[in-house]
Structures are given as structure tokens and as C-alpha cells.
Amino acid sequence: MASFIKCIIGIIFLSSVGLSREKLTPEAKDALNKLKLPGIKLNLKEWSVDVLADVCLLEGVLELILCTDNSKEHESIFCTSARPLHIHTALLLMGSKPGNTAMKRVHQKKGVRWVSVDPTGDEIIVSVVFSNEDGMIREYPISDFVSPVAPQSEAVVAKEKKQFPDNFIFAGSHLIAGTKGFKKYLCEDTGNVISVSTFGDELLCLSELSGHESDKLNWKVNSKLLPDLGKEVIIRLRSKVVRPVKKQKISK
């Protein structure tokens, strides 16, 4: 058990410098395969984080792609029982690096004023895996399940010609003060796991700010390829960043 814990600590350390398949020893692979995060699989073959989820919406305007169970199923395509903190941990273990969520920050160069700060972090490709009517397991880009809301003006028409993106930003939510001195991962309370709208506390988000305040609720469910309500799917998360393996200097 002690050696297993040491191995996991070593993997977390490697993730801070850019974990890759090439750096994994057989012992590390074995430890990752044995690691149990409920509702989550570290898929070493696909080099992805696979999150078990259910279809919870077939029609409506979207604020989320994925939420936690019993939170925002009325505005999210999928919901999951997996903990957002565990998803964050799994992404770290697969070598992805978080940044920050969208926020407001004081800018004092020309008097005190608040300015918007865009989200940062590694890009994560989101796809959906499930078996089709023929029983064949297929992987679909998340953009297959999202379409533009009916345009209201020529400006919106021009803006909505672009396709919904398949890549999101690993913003990483926030750790806030909890009870008894423990830290709490904020989006575990809000349910905002993969967002379309900008909430400022989501785990994964779009690179562009959007939401009610900016009148940018431009996306809705496209249920043409979606399974029935309650159908179990896999939300597959892959880092778009491929970091080179750092060569170790050999002292003579």
C-alpha cells in the first residue's frame, strides 16, 4: 500500500512538469489502472479521462454541457455522479494543466476600474462515446449535439455561422474556505462542470465569455444523434496539448 501511495505521489509530481505516455513506467501504469475515482476511468489506451454520464436534456437552450446530478439538468445535455474535484484530479494525472476561470480584476492604470479577465488553462477536447442502434460503440465530437439558437438579427446570423467548438479551457474552478478549516471545490456546490455560459466557477469552459449579461445564450441542444433520456454515455476528455518529453542531462 505504501509503495502504491508513493507511486501516485510520483505521478502527481510528474503531472506538474508535463506527464506523457513515454514517461510512465510499468509500475506507474499499474497504479493508474488501479486508482479508483467513482464514475471516472483513466483511459491509458486513449490517453483520456472518461466520465460516466447520463443524457438529461433533449430540447432547450444550453448553459452547460455537463453538470452534476441534481443540479442543473434543465439546462445541461448530460449529468454525472462523478465529483468535479475527482475529474480535476484525473486531468492532472493525465498531464493537463489548469489555469483560471473568467473573472473581474481591478485595473488601476487609468483610475480604479474593473476589467474582464479571460479564462486560461490547457485546451481539452470533449467528445461523447456510446453504442449506436447497431450496437457499435462510436465516439462523437461534442459539436454534433449543439446547434445555434434561432437567430434574432442579421448580426446574430453572421455570428452563428461558426460551428460550436469541441475544445474547452481547463479553468479549474476555485478552492474556497469550507468547514473546520478544510478547502472546498466550488463547482461541487454549483454543479458547473463543463459550461457554455460563463459562471466563473466552472471546471471546463469556452474560451469566449458568454451568458445572460452579455446576451450570448446562442446555443441549444441538437438531439438528432443523441440517445434517449437517461441513456448512459461516456464524456471523453483529452488534452489538446502535447508536451515534449524533457531529456535528462547525464553528468559525466
Side-chain angles (χ1 to χ4, degrees), residues 1 4-16 18-19 21 24 28-56 64-73 76-101 119 121-130 142 168-195 199-205 232-241:
M1 182 66 181
F4 174 77
I5 293 173
K6 286 181 181 179
C7 191
I8 291 298
I9 292 173
I11 292 169
I12 294 173
F13 170 75
L14 279 175
S15 73
S16 69
L19 187 63
R21 304 178 202 226
L24 282 183
K29 288 181 181 179
D30 186 54
L32 283 175
N33 282 322
K34 290 179 179 178
L35 184 65
K36 301 298 182 185
L37 295 172
I40 300 168
K41 178 183 178 182
L42 299 178
N43 189 333
L44 301 187
K45 182 180 178 182
E46 297 289 342
W47 202 251
S48 66
V49 174
D50 288 357
V51 182
L52 291 180
D54 297 322
V55 178
C56 59
L64 295 152
I65 296 297
L66 179 67
C67 69
T68 55
D69 286 350
N70 304 311
S71 62
K72 297 183 176 179
E73 286 90 339
S76 177
I77 307 176
F78 307 101
C79 59
T80 182
S81 61
R83 291 184 59 184
L85 181 59
H86 289 170
I87 300 173
H88 185 122
T89 302
L91 286 169
L92 289 178
L93 289 172
M94 299 302 281
S96 298
K97 293 181 178 292
N100 62 261
T101 61
D122 277 359
E123 289 188 39
I124 304 295
I125 306 299
V126 178
S127 58
V128 187
V129 181
F130 57 88
I142 189 60
F168 286 72
I169 302 296
F170 182 16
S173 193
H174 301 284
L175 281 174
I176 60 174
T179 58
K180 298 181 180 179
F182 292 102
K183 295 287 186 179
K184 183 167 59 173
Y185 196 63
L186 184 55
C187 78
E188 295 209 326
D189 282 347
T190 64
N192 300 325
V193 184
I194 304 178
S195 70
F199 295 102
D201 62 5
E202 50 271 273
L203 174 57
L204 300 182
C205 64
E232 187 175 84
V233 301
I234 291 171
I235 306 298
R236 180 160 289 168
L237 310 176
R238 286 190 185 90
S239 178
K240 191 175 180 180
V241 177

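Along the sequence shown, the residues carry numbers beginning at 1.
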Discussion item. Let's go through Asn100 and His174 carefully: what are the C-alpha distance in whole Å and the side-chain angles of both, what is the deciding distance for side chain to side chain contact (heavy atoms under 4.5 Å, CB included) to 0.1 Å, and is it a yes or a no?
Written reply: CA-CA 8 Å; Asn100 62 261; His174 301 284; over 6 Å; no

Worksheet item: How far apart are the C-alpha atoms of Arg238 and Ser127, what are their side-chain angles, what is the distance that settles it, and do they pass the side chain to side chain contact (heavy atoms under 4.5 Å, CB included) test?
Response: CA-CA 9 Å; Arg238 286 190 185 90; Ser127 58; 4.0 Å; yes

Practice prompt. Would you sort out whether Cys67 and Glu73 count as a side chain to side chain contact (heavy atoms under 4.5 Å, CB included), showing the intermediate values?
Written response: CA-CA 7 Å; Cys67 69; Glu73 286 90 339; 4.2 Å; yes

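Between Val55 and Phe78 the shortest side-chain heavy-atom distance falls below 4.5 Å. Using a 4.5 Å heavy-atom threshold, the side chains of Lys240 and Ile124 count as separate. With a 4.5 Å cut-off on side-chain heavy atoms, Leu91 and Leu204 count as touching. Proximity of His86 to Pro38: side-chain heavy atoms (C-beta onward) are separated by under 4.5 Å at one or more points. No side-chain heavy atom of Leu64 sits under 4.5 Å from any side-chain heavy atom of Val193. Residues Ile194 and Ile142 form no side-chain contact, since every pair of their non-hydrogen atoms from C-beta on lies 4.5 Å or further apart. Between Pro119 and Thr101 there is no side-chain heavy-atom pair separated by less than 4.5 Å.
Checked against Asp189 for a salt bridge (charged side-chain N to carboxylate O under 4.0 Å, His left out), the options Lys184, Lys72, Arg83 give a single hit: Lys184.
For Phe170, the ring-ring contact (aromatic ring centres under 6.0 Å, His included) criterion is met by His88, not counting sequence neighbours. Applying the salt bridge (Lys or Arg N to Asp or Glu O under 4.0 Å) criterion to Arg236, with sequence neighbours excluded, gives Asp50, Glu139.
Between the CG atom in Leu35 and the CG atom in Leu42 there is a gap of 6.0 Å [rounded to 0.5 Å]. Of the inter-residue distances, the one linking Leu203 atom CG with Leu66 atom CG reads 9.0 Å to the nearest 0.5 angstrom. Annotation: the span from Leu85 atom CG to Glu188 atom CD amounts to 5.0 Å, rounded to 0.5 Å. With values rounded to the nearest 0.5 angstrom, Asn192 atom CG is found 4.5 Å from Asp201 atom CG. Atom CG of Leu32 is separated from atom CG of Leu93 by 6.0 Å, given to the nearest 0.5 angstrom. In this structure, SG on Cys79 lies 5.0 Å from CG on Asp54, to the nearest 0.5 angstrom.
Heavy-atom minimum distance, Ile235 versus Ala53: CG1-CB, 3.8 Å.
The main-chain N or O of Ile65 is found under 3.5 Å from a side-chain atom of Ser76 such that the two form a donor-acceptor pair. Judged purely by atom type and a 3.5 angstrom limit, Glu202 uses its side chain to pair as donor or acceptor with the backbone of Gly200. Side chain of Glu123 to main chain of Gly121: no donor-acceptor pair is present (N/O by atom type, distance under 3.5 Å, no hydrogens or angles).
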